[in-house]
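Report on the following structure.
FYI, the numbering just counts along the sequence from 1. All values below were derived from every heavy atom in this structure, side-chain atoms included, with hydrogens, water molecules and symmetry-related copies excluded.
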Amino acid sequence: MELTYVPLGERPLRRLPQLLIGLTLYGLSLSLLVRASLGLNPWSALHEGLTHHTTLSFGTISAVLGALVLLLWIPLKQRPTLGTAANIIVLAYSADLGLALIPEDLGLPARIALLTGGVLLNGLSVAIYVGARLGPGPRDGLMTGASAATGRSIRLVRTLIEITVLAAGWLLGGSVGAGTVLYALTVGPITQFFMPRFAYTSTP
C-alpha cells in the first residue's frame, strides 16, 4: 500500500477534501483526549504542559511548535507540502474548537467515554489524512527525515522522539496516565485497520 506523496494536481477534488476532513477530525480527537484528563499522547502532553506556562491556547501552541519543527527540516533536506501547511493550520483551529465545545471537569464515566472515542477517532483521522497522500505533517516529516539522515530505523527514531517529547510534556505538567498507555498500544492498530479504506491509489 503506497503512502508516498502524490502531487495535488492528481484528482484534487477527491483528495483535498479528504485531507481537510482528516485533519479536522484529528484536531477534534485531540480535544476529546484533553478533556478526558486521563493521559495524552506525547506531543499533546507537551502542548498541554506549555499551556500551563504561557497565555497561548492548546491549538496555538500546536501551530507554533509545528512551525518550529519545520526549521529542523532544513538540515534534513525535507520539503514542506500543502499537506504540511494544512497540518499546522487546520489542527490548531479544530483542536481549539473542540476544547471550546467540550466542557471541563466531567465525571469519570464521561471521561472514559471521551478517552475511548478520542483514541478511535484519532486512529481513523490519521488514516484519512495520511491516505490522501498530500505530504507529511511537521512531526512526521521530522521522523522520516531524521531516519533517512542517520540511517536508523523509523521505529528507533520515532521512539526516541516520542520519549523525549513525552518527558518534556510531563515535566511541564502535561497529562500523562492510563490514556497515554492506551493510546500507545491501540492507535497504530486502529490506523492500520482503517488505512486500506482511505489510502488513495495513484493513477498510473
Side-chain angles (χ1 to χ4, degrees), residues 19-54 56-66 68-69 86-131 136-140 142-143 158-159 161-195 198:
L19 171 72
L20 298 178
I21 290 171
L23 291 173
T24 299
L25 293 177
Y26 188 88
L28 293 175
S29 76
L30 297 182
S31 65
L32 293 177
L33 296 173
V34 170
R35 288 292 183 252
S37 299
L38 291 170
L40 300 169
N41 66 54
W43 284 101
S44 292
L46 178 58
H47 299 159
E48 185 187 51
L50 287 171
T51 64
H52 300 323
H53 302 275
T54 70
L56 301 178
S57 69
F58 182 95
T60 301
I61 288 174
S62 171
V64 170
L65 281 183
L68 291 176
V69 168
N87 187 288
I88 294 173
I89 298 169
V90 177
L91 283 189
Y93 281 104
S94 59
D96 278 350
L97 175 62
L99 291 173
L101 294 175
I102 305 170
E104 299 182 62
D105 302 321
L106 297 170
L108 183 59
R111 290 164 56 205
I112 292 174
L114 288 178
L115 173 63
T116 304
V119 172
L120 286 170
L121 183 60
N122 192 277
L124 169 63
S125 61
V126 170
I128 294 173
Y129 84 76
V130 170
R139 299 155 185 84
D140 292 328
L142 174 64
M143 172 190 67
R158 175 80 180 237
T159 300
I161 291 174
E162 298 286 309
I163 290 174
T164 302
V165 170
L166 182 62
W170 177 71
L171 290 173
L172 290 169
S175 178
V176 177
T180 308
V181 177
L182 177 67
Y183 183 95
L185 293 177
T186 62
V187 75
I190 293 170
T191 302
Q192 184 70 30
F193 174 79
F194 285 113
M195 188 65 74
F198 295 99

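Within the structure, the side chain to side chain donor-acceptor pair (under 3.5 Å) test picks out no pair touching residues 99-115 (sequence neighbours left out).
Nearest approach of Ile102 to Leu32, heavy atoms of both residues: CD1-CD2, 3.4 Å. Residues Leu172 and His53 approach most closely at O-NE2, 2.9 Å, considering heavy atoms. Shortest non-hydrogen contact noted between Ala92 and Gly59 is CB-O, 3.1 Å. Gly66 and Pro138 make their closest contact through O-CB, 3.4 Å (heavy atoms, listed as atom of the first residue, atom of the second, distance). Shown here for Ser175 and Ala45, the closest heavy-atom pair between the two residues is O-CB, 4.0 Å. Between Phe194 and Ala127 the shortest heavy-atom distance is CB-CB, 3.7 Å.
Of the possible donor and acceptor atoms, one in the side chain of Ser125 sits under 3.5 Å from a partner among the backbone N and O of Asn122.
For Thr186, the side-chain contact (heavy atoms from CB on, under 4.5 Å) test picks out Val119, Leu182, Ile190, with sequence neighbours left out. Scanning for side chain to side chain donor-acceptor pair (under 3.5 Å) contacts around Tyr129 gives an empty result, with sequence neighbours left out. Under the side-chain contact (heavy atoms from CB on, under 4.5 Å) criterion, Pro42 pairs with Glu162, Val165, Leu166, not counting sequence neighbours. With sequence neighbours left out, Ser44 forms a side-chain contact (heavy atoms from CB on, under 4.5 Å) with Leu30, Leu40, Asn41, Phe58. The salt bridge (Lys or Arg N to Asp or Glu O under 4.0 Å) search around Asp140 returns Arg158, not counting sequence neighbours.
With His47 as the partner, the side chain to side chain contact (heavy atoms under 4.5 Å, CB included) test is satisfied by one option alone out of Val64, Ile61, Val34: Ile61.
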Go through Val90 and Leu20 one step at a time and tell me if the side-chain contact (heavy atoms from CB on, under 4.5 Å) criterion holds. CA-CA 7 Å; Val90 177; Leu20 298 178; 4.0 Å; yes

Verdict with supporting geometry, Thr60 and Thr54, side-chain contact (heavy atoms from CB on, under 4.5 Å): CA-CA 11 Å; Thr60 301; Thr54 70; over 6 Å; no

Starting from the C-alpha separation in whole Å, work towards a yes-or-no answer on side-chain contact (heavy atoms from CB on, under 4.5 Å) for Leu114 and Leu33. CA-CA 6 Å; Leu114 288 178; Leu33 296 173; over 6 Å; no

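Put simply, the side chain of Trp43 reaches to within 4.5 Å of the side chain of Val69, judged on heavy atoms. Residues Ile128 and Tyr26 form no side-chain contact, since every pair of their non-hydrogen atoms from C-beta on lies 4.5 Å or further apart.
Rounding to the nearest 0.5 angstrom, the gap separating the CG atom in Leu106 from the CD1 atom in Ile112 is 12.0 Å. Interatomic distance, CG of Leu23 versus CG of Asn87, reported as 5.5 Å (0.5 Å rounding). Here CG of Leu19 is found 9.0 Å from OG1 of Thr24. Values are rounded to the nearest 0.5 Å. One finds the CZ atom of Arg139 at 7.5 Å from the CG atom of Leu91 (value rounded to the nearest 0.5 Å). Atom OG of residue Ser62 and atom CG of residue Asp96 lie 8.5 Å apart, to the nearest 0.5 angstrom. Here Leu68 contributes atom CG and Leu142 contributes atom CG; the two are 12.0 Å apart, rounded to the nearest 0.5 Å.
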